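Shown next, in structure tokens, is the structure this report addresses.
Counting starts at 1 for both ligands and their atoms, in listed order. In this chain, residues are counted from 1 in sequence order. None of the values given here were measured: they were computed from a predicted structure.
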Amino acid sequence: MTATEEPRSFVRGMRESGNGLLLRVSVIAAIGGLLFGYDTGVISGALLFIKTDLHAGTFEQQAIVSVLLLGAVLGAVISGYLADKISRRRTKVISGVVYVVGALGCAFSINAGMLIGFRFLLGLSVGTASFVSPLYIAEMSPPRVRGGLVSFNQLAITSGILLAYVVDFLLKDVPGNWRWMLGVAAIPGAVLAIGMLTVPHTPRWLMMTGQRDRARKTLEALREGDEDADVDQEIEDIEEANRKEGATSVRDLVAPKIRPLMVIGLSLALFQQLVGINTVIYYAPTILADTGLTSSSSITQTVFVGITNVVFTVVAVLLLDKVGRRKLLLTGVAGLTVALGVLAAYFWSPTLQQQAPYLALGGLLLYIASFAVGLGPVFWLMISEIFPTGIRSKAMSVSTVVNWGANFVVAATFLSLSTAITRQGTFVLYAVMSIVAFLVFATKVPETQGRSLEQIQAEVTETEGSR
Ligand code: BGC
């Protein structure tokens, strides 16, 4: 098996990989993240207009927002099966097509019920794209740049959120605006579907389905110009890992060898949401308005939150392969704890509110930057790395379901929690979650930087087996 690679910067690693195809397939696959992010960001702005236009009451408004999350849970379940059965690539083509239908359906909805139905359909596609994109990229990438390339997906998520904030802002005075806000998403959906038709299947999926020659050809194309690449060795490693693994089924998710890996995947999935990220993404304007800002300046400041999210995700893309996943993850979670402490102190102390009004925005920016360099990208990256090929798609699907489920619970309880235990109490609760997350990650999460997927598989199952 090939040795662990020396860490190097992402840009240098990409130059050494010398390959346009690798970059192209990663960018196209990452459009899945753009759909995910755009949808996450667009609805709060659009809802303001939908509610008057379609006469949607509170219940219907909540359903319009949250039915997407339920669709995403179901989408993640179905595509765990599809990604193995019909391939990662075709699953992503379908996800792009469903997204186009969903986005256009939303744009032309004539009543709340119809909109709710199409938002559910969109959710199916978003749940699929959310994990099949990192899965696809991880299976294409050489170890030295895998962290950065897989995190193109998180970069696309954060860019999608920012794009949605900007589109909402630009269209706020245009007649029929919410239809445009929801409808333009059909464009990246179509680009994803068509783009995925032009890229190859992943070598790991081809090997898993017994297509050795095609796998070899794809790897040769992907590694062309890379002086360190050894395609024969890679094929052999994949083959050997598959042989050791034997046939796998859903039941293997709880097999003694896989269970510890599921614990890692599921804790990352849960804590990524339990630290409260989407309360900030969905409710940043509400939080800022509570600090006494007018709605218009709180919307402007929300754009700062969106920009910070993108900028620090770029930092993560550049550093994950050099500094390693663990360091960024742990530093990021420590930063989250401090930021939540600042926010709690601010809302607790009237003196701070009077004398340091910018502390709330400062706390939010520190919070989002810390999430963006660590838990944001590392969750999606790690679940694409730690599981053996035969079980990878199913295990990622389960982790994704848990992530969307937790997202739903946190988003649905934030406002009532703020009333029940105060806003500062809610931030303290998220801070406690981030301390627990730190301890769990420090003891459980392995370093995966610079190793091939097959090496990681051998290493983690050995260490876990000997515990
Ligand atoms: C999370 C989303 C979140 C986004 C924010 C993603 O990694 O899964 O729930 O909205 O990051 O940037």
Distance filter under 4.0 Å to [X] heavy atoms, resulting ligand 1 atoms:
X    : value
N403 : 8 (O)
W380 : 6 (C), 7 (O), 8 (O)
Q154 : 6 (C), 7 (O), 11 (O), 12 (O)
T158 : 12 (O)

Could you find the nearest protein heavy atom to [atom] and give me its residue, atom name and distance?
atom                    : value
atom 12 (O) of ligand 1 : N309 ND2, 3.1 Å
atom 8 (O) of ligand 1  : Q272 OE1, 2.9 Å
atom 3 (C) of ligand 1  : N278 OD1, 3.5 Å

Does the distance from a Lys or Arg side-chain N to an Asp or Glu carboxylate O, for D252 and K257, drop under 4.0 Å?
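Salt bridge between D252 and K257, a charged N being under 4.0 Å from a carboxylate O: no.
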Quick test of your reading of the model: are E139 and R89 salt-bridged, counting only N-O distances below 4.0 Å?
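Salt bridge flag = no for R89 with E139.
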Could you go step by step and tell me if R88 and S393 meet the side-chain hydrogen bond (donor to acceptor under 3.5 Å, both in side chains) rule?
CA-CA 9 Å; R88 286 71 167 120; S393 137; 4.6 Å; no
Applying a strict 4.0 Å limit to heavy atoms, is F379 in contact with ligand 1?
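Heavy atoms of F379 never come under 4.0 Å of ligand 1.
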With backbone taken as N, CA, C and O and side chain as the heavy atoms from C-beta onward, which portion of F371 lies under 4.0 Å from ligand 1: side chain, backbone, both, or neither?
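Just the side chain.
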Does ligand 1 have a heavy atom under 4.0 Å from the side chain of T313, from its backbone, from both, or from neither?
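The answer is neither.
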CZ on F304 to CG on L364, rounded to 0.5 Å
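So the gap between those two atoms works out to 12.5 Å.
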Which value, rounded to the nearest 0.5 Å, describes the distance between L149 atom CG and Y136 atom OH?
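Output value for this atom pair is 12.0 Å.
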Could you walk me through whether W404 and F131 pass the ring pair (Phe, Tyr, Trp, His ring centres under 6.0 Å) test, one step at a time?
CA-CA 11 Å; W404 282 104; F131 85 88; over 10 Å; no
Sole candidate of S151, S26, S384, S141 that passes side chain to side chain contact (heavy atoms under 4.5 Å, CB included) when paired with R146:
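It is S141; the other options fail the test.
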